[in-house]
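Worksheet for the structure shown next.
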Amino acid sequence: GENVEQHPSTLSVQEGDSAVIKCTYSDSASNYFPWYKQELGKRPQLIIDIRSNVGEKKDQRIAVTLNKTAKHFSLHITETQPEDSAVYFCAARGTSYGKLTFGQGTILTVHP
Amino acid sequence: NAGVTQTPKFQVLKTGQSMTLQCAQDMNHNSMYWYRQDPGMGLRLIYYSASEGTTDKGEVPNGYNVSRLNKREFSLRLESAAPSQTSVYFCASTQLRENTGELFFGEGSRLTVL
């Protein structure tokens, strides 16, 4: 089955810096890669997603890039703000229809 | 529009007791999921139901059973609870189209097994 590895497990940045979180996946047939943000004590919520036929997608300060050959994808957050502090999860959906596998999560802390 | 509703929100069990976590969605989604969240281990899939009438095992199905009661409801049962099942459980749903679709999560159910 699909296996998703996420790095780093914790990331600390200063306000205004950029943050990058990386994920690798094992199933070369995976075709959908979402990113979720989970604030403390809250439920995870989708922030951005990308399909396998697209190499990059942007939404204001966040962007996701996908390298299908290397089987990895990354989340980029620019001009970080304290409210970006949260746990971020990557995920991949592979050949098992409907099954969504998550990475282990990255705790992002943005210091004012 | 409530989205995904889970009950109960908190539960304490003794080892060997059984319980059922209930989940219902009002978004007419075709697919539903149960995940558990433990520190440092992310969200691990227990079972999922890609469509009404089907259920499939995820990464960590042992010790659990599920029932897709109808399109709206997907329950998770622990037949004989163990301390290793202490966790936060999330139900989620999505409208799968071409194997994509945003997951909408419930608020979570915190289970402690003593």
Side-chain angles (χ1 to χ4, degrees), chain A residues 1-10 21 23-27 29-54 57 59 64 66 73 86-108, chain B residues 2-6 9-10 23 25 27 29-61 66 68 74 87-110:
Chain A
E2 176 70 277
N3 183 48
V4 179
E5 297 287 334
Q6 183 172 346
H7 300 280
S9 56
T10 60
I21 303 169
C23 290
T24 60
Y25 60 97
S26 61
D27 186 350
S30 290
N31 63 353
Y32 177 64
F33 307 92
W35 286 86
Y36 285 79
K37 176 183 179 182
Q38 185 180 28
E39 297 176 348
L40 189 62
K42 302 281 185 67
R43 71 191 84 185
Q45 292 189 298
L46 180 73
I47 54 171
I48 196 167
D49 58 9
I50 192 169
R51 299 189 185 195
S52 59
N53 58 351
V54 175
K57 184 176 179 181
D59 183 2
V64 57
L66 172 65
F73 56 112
V87 181
Y88 291 81
F89 294 98
C90 63
R93 186 167 275 144
T95 50
S96 298
Y97 186 73
K99 185 178 181 181
L100 189 65
T101 301
F102 283 84
Q104 297 88 341
T106 296
I107 301 172
L108 173 64
Chain B
V4 179
T5 303
Q6 294 179 229
K9 290 186 169 52
F10 300 94
C23 176
Q25 51 91 10
M27 296 173 282
H29 286 166
N30 54 10
S31 303
M32 299 186 73
Y33 303 75
W34 277 106
Y35 288 90
R36 61 177 287 175
Q37 183 173 28
D38 304 290
M41 303 193 76
L43 293 156
R44 292 184 293 169
L45 183 62
I46 305 171
Y47 272 93
Y48 67 107
S49 172
S51 60
E52 187 180 357
T54 70
T55 59
D56 289 284
K57 295 178 180 179
E59 305 159 66
V60 289
V66 290
R68 184 74 183 265
F74 189 40
S87 188
V88 178
Y89 292 84
F90 284 98
C91 178
S93 71
T94 189
Q95 183 62 25
L96 274 179
R97 291 192 184 90
E98 298 178 349
N99 213 22
T100 66
E102 175 181 358
L103 278 188
F104 291 86
F105 286 85
E107 291 184 307
S109 299
R110 183 174 295 275

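Chain letters run A, B, ... following the sequence lines, proteins first, then strands; residues in each count from 1.
Ranking E107(B), E59(B), R44(B) against chain A, the residue ahead of the rest is E107(B), based on heavy-atom pairs under 4.5 Å. With chain B as the partner, the residue from Q45(A), K99(A), Q6(A), K42(A) showing the most heavy-atom pairs under 4.5 Å is K99(A). For the options A92(B), G101(B), S31(B), G108(B), heavy-atom pairs under 4.5 Å to chain A are most numerous at G101(B). Looking only at heavy-atom pairs under 4.5 Å with chain B, the residue among T101(A), I107(A), D49(A), L100(A) that has the most is L100(A).
Across all their heavy atoms, F89(A) and Q37(B) have their closest contact at CZ-NE2, 3.3 Å. Residues P44(A) and L43(B) come closest through the heavy atom pair CG-CD1, 4.0 Å.
Residue P34(A) does not touch chain B at all, counting heavy-atom pairs closer than 4.5 Å. Of the two parts of Q38(A), only the side chain, counted from C-beta on, holds a non-hydrogen atom closer than 4.5 Å to a non-hydrogen atom of chain B. Both the backbone and the side chain of F105(B) come within contact range of chain A, each with at least one heavy atom under 4.5 Å from a heavy atom of that chain. In this structure, chain A has a heavy atom under 4.5 Å from the side chain of Y33(B), while its backbone stays farther away.
The distance from the OH atom of Y32(A) to the CZ atom of R97(B) is 11.5 Å, given to the nearest 0.5 Å. Distance check: R93(A) CZ to L96(B) CG gives 5.0 Å after rounding to the nearest 0.5 Å.
Within residues 47-54 of chain B, the residues having any heavy atom closer than 4.5 Å to a heavy atom of chain A are Y48(B), A50(B), listed by residue number.
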